[in-house]
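Have a look at the structure below, then the notes.
Both counts, for ligands and for their atoms, begin at 1 and track the order of listing.
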Amino acid sequence: MIAAAPQDIAASIGMTASDFGRIARSVQGEFGIFLPEVKKDLVYSRLLRRVRNLRLPDFSAYCDLIESPAGTAERTEMLSALTTNVTNFFRESHHFDLLRSRILPPLLQAASKGARVRLWSAGCSSGQEPYSIAFTLLSLMPKAALHDIRILATDVDPRVIARAQDGIYPITDRDTIPEPMRSQFTESGPDGLKIGNAARGLVTFATLNLMDDWPMRGSFDVIFCRNVAIYFDVATQERLWRRFVGAMRPGSHLLIGQSERITGPREAKLENVGTTAYRLAPAGAGGSSPPTQERSPT
Ligand SMILES: C[S@@+](CC[C@H](N)C(=O)[O-])C[C@H]1O[C@@H](n2cnc3c(N)ncnc32)[C@H](O)[C@@H]1O
């Protein structure tokens, strides 16, 4: 008897419409990620390896696993398989220009007088985004560590958070960091490009599913949430915009990805101040409010 080749076994594992529906409901229910029918082939190809690695007979058994309490770890594996973690240093660089020229100067001036300043990179993937924020901030205020300034960086995927905490990237990434920030805030060595201590010291990484409760206390001065909401359906996006507005200080900024749009009732509260850059109306008429003195663990 001739043994079946692995690819034949793989080909024999089919995914029914019902399996796809169960996977889509699970992913949307827990992570907010919307999987339309047209993604069926993509879901199949990304999850087939999981079914095989777990030695399950078919996708129906896989669905049983992810729907059970014992499937918590596998739901995280599924999420990693289905989402794209693509990111770069200084991606969509116009936001960093805006940060340097208009958003940070008043915040850093307030920080130098004792105010609390909080920035959040929500859906930070492997950390290039929050480190780019840190480099920009340090280029304006090299001694930022002496003040009450923090960057919170979160992602639902614990693996990318672990990579971000390592702060080591392929050496080829060095060209994506403009000078003099590259020389000032990173080191190139045999392991790759290493984020320097000044930038690392400003950023706190944590795993956080944006669909869950947010444990942070205190409001934010800047929120980056770029190329994350694109995975959600419109109702979920609008809920997210509402929650961000609730977590933002008056006069603060929200920066989203280039293919994302703010829609729904929160649109009225957020003034467009640049390409995919929004500012929450300041409290009262005219001018931005000074940052609050309230402290938070973030
Ligand atoms: C394409 S990356 C974007 C990274 C970075 N913000 C950028 O623009 O370069 C999208 C990230 O969103 C994260 N993500 C997807 N759903 C999420 C959720 N429900 N809560 C938090 N992060 C989520 C993914 O894990 C992934 O790392």
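Rounding to the nearest 0.5 Å places OG of Ser18 at 9.5 Å from CD1 of Ile23. If you take OH on Tyr169 and CD1 on Ile177, they are separated by 9.0 Å, rounding to the nearest 0.5 Å. Atom-to-atom distance recorded for Thr76:OG1 and Phe31:CZ is 5.0 Å, nearest 0.5 angstrom.
Residue Asp221 is tested with Arg279, Arg118, Arg249 for a salt bridge (charged side-chain N to carboxylate O under 4.0 Å, His left out); the sole match is Arg249.
Note on Leu140 and Ile149: same hydrophobic cluster, where clusters join Ile, Leu, Val, Met, Phe, Trp and Tyr whose side-chain heavy atoms are under 4.5 Å apart, directly or indirectly.
No salt bridge links Lys40 with Glu37; every basic N to acidic carboxylate O contact stays at or beyond 4.0 Å.
Within 4.0 Å of ligand 1, the residues that place a heavy atom are Phe31, Ile33, Thr84, Asn85, Val86, Thr87, Arg91, Gly123, Ser125, Glu129, Asp155, Val156, Asp157, Leu208, Asn209, Leu210, Arg226, Asn227, Val228, Tyr231, Phe232, listed by chain and number.
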